[in-house]
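Taking it in order: structure first as structure tokens, then the write-up.
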Amino acid sequence: AGVAAQDADAAKRRKHKRKPKPPTVRKVDVVVVGGGISGLTAARRVAAAGKSVVVLEARDRVGGRTLNHDVAPGRPVEAGGEYVGPTQNHIIALCKELKIGIYEAYTAGDNSYIADGRVQRYTGDIPPEVGSLLGLNDLLTTIDDIGHSLNPNSPWDAPRAADWESDTVASFLRSRGPLVSERVHQLAECLIEPSFGAGNREVTLLLFARFVAGAGDENNIGTVERMLGSKGGAQDSRILGGSQLVSLAMANQLGSGRVVLNAPVRRITQAGGTITVLSDQGSWQAKKAIIAVPPPLAAAIDFQPGLPPEHRILLQRSPMGVLMKCEAVYDKPFWREQGLSGMAVAAGTDGPMKAMFDNTPPQGGPGVLFGFCGGDSWRRFSGMRPADRRAAVLQQFATYVGPQALKPKAYFDKDWGREPWSAGGPVALPAPGTLSGFGRWLRQPHRDVHWAGTETSDYWAGFMDGAVRAGKRAAREVLA
Ligand SMILES: Cc1cc2nc3c(=O)[nH]c(=O)nc-3n(C[C@H](O)[C@H](O)[C@H](O)COP(=O)(O)OP(=O)(O)OC[C@H]3O[C@@H](n4cnc5c(N)ncnc54)[C@H](O)[C@@H]3O)c2cc1C
């Protein structure tokens, strides 16, 4: 009998132990998926309208494709998105609202152009490659012309959209025949790799022209110069305290109860006017949801009912570029004393980087150089032993600022191609036929699920400004 009593006790204890917690389904008006600039902008707008909102963020931090890291105590620089410029009115206004300053990026002094082992100094945005300027100019004016003919809100509706999307930068250059030397291909790569995280053969003319059409605002037509330029262009200025501060400040205003970290969203079910969002931190029920994540990560969410096939195909055929930011820290920006801006372009190089910049914090030190390693360069250098990659990066810095570059105080690289919750960077690259065929689904709500994220913006898609614009639009949609 004693044994039986013990068994009964043990069974009771087990039952007590196993008793599942009652499922805590929390209820809000709006769930936002993704705590980058776009999702947090949307959540802030929804909260300001008096609605309850929660942001579910997969990582243990907010900011997504923006990330600060300190190069000295209290001196952060950016390992992801960084620059802002004229006509990016929405990110600039947001910074103002959050009392975050903006300052001009350092451009004083000469830029460097590196080709065939020779370094030449130059000023302005165009490297001194006289023999290739005609060919490069032909590409850029063609893209400008196409961009001007597009409606930034619906580039897929242009009558020739499908044609422009069956051509890539590489096939366009090849089609121009003898006008275009190998050097023109290489110079184009210097623009394309850092901007898209991809090679000339991966970027369609329509995508490039969509970016150009969006490099403006409702009052200023987009131009290739503004999209690619430093002074007066997209790389004109930087954000005081580093760009991640924008997301950190928004999350701080929302408060920890409204921003849940380590909460990757796995499934979104819609039934009877209620949305149930399942994350690794439990479930939420809402009337509306806003998805503010990169397209390949949106495609990985299990939507019940499923997305319309057109929308699913659009997301599945929009993989991210691959881009790494490689950065060396020195006591001071010693290249400035040599009259160098720190900006350099390397054509046809074996090195990891095609474009390099001064990333020194606004206090003037420590000195920081960084370079972009994207596309084909990324494929060569990303999987390499870190010590070998570091040596290759420093060697390349040394070619234009001198051997002092070989001995940094610190070295970092941030590989966005290996970030599971970005799936690459800086932006998604719709494959040929995708934007023209399925682009009109980009912002199409799936019942009560709405779409944000920089890729869904009309102006400055792919940039922080586009992320803010898209967040505001999605908030307007759910509040309407
Ligand atoms: C190296 C690099 C350089 C760049 N340079 C510039 C620049 O100079 N200027 C500029 O304007 N832009 C730049 N960009 C682009 C800019 O950073 C992005 O356009 C912008 O930050 C995108 O914001 P977002 O909110 O749309 O998306 P993201 O920042 O990608 O935010 C999406 C969020 O969703 C989260 N998430 C993903 N899946 C899930 C899920 N299933 N559940 C929950 N959460 C999820 C992610 O963790 C992430 O936090 C750069 C980007 C990179 C990578």
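All ligand and atom numbering here is 1-based and tracks the order in the structure.
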According to the interplanar angle, ranging from 0 to 90°, do the rings of Phe463 and Phe211 count as parallel (below 30°), tilted (30 to 60°) or perpendicular (above 60°)? tilted
Mind checking whether Tyr122 and Tyr113 have parallel, tilted or perpendicular rings, split at 30° and 60°? perpendicular
Residues around ligand 1, heavy atom under 4.0 Å from any ligand atom, sorted by chain and number. Can you pull those? Val33, Gly34, Gly35, Gly36, Ile37, Ser38, Leu56, Glu57, Ala58, Arg59, Gly63, Gly64, Arg65, Thr66, Gly80, Gly81, Glu82, Tyr83, Ala263, Pro264, Val265, Ala292, Val293, Pro294, Leu297, Leu323, Trp416, Trp421, Pro426, Gly453, Thr454, Gly462, Phe463, Met464, Ala467
Trp284 ring centre to Arg26 NZ or CZ under 6.0 Å, with the angle to the axis within 45°? yes
Classify the ring geometry between Phe372 and Phe357 as parallel (under 30°), tilted (30 to 60°) or perpendicular (over 60°). perpendicular
Pairs under 3.5 angstrom only: tabulate donor-acceptor contacts from the side chains of residues 33-40 to other protein residues two or more places apart or in another chain.
residue	atom	partner	partner atom	Å
Ser38	OG	Gly453	N	2.9
Ser38	OG	Ala467	O	2.7
Ser38	OG	Gly471	N	3.4

Do Ser422 and Arg59 have a side chain donor and acceptor closer than 3.5 Å? yes
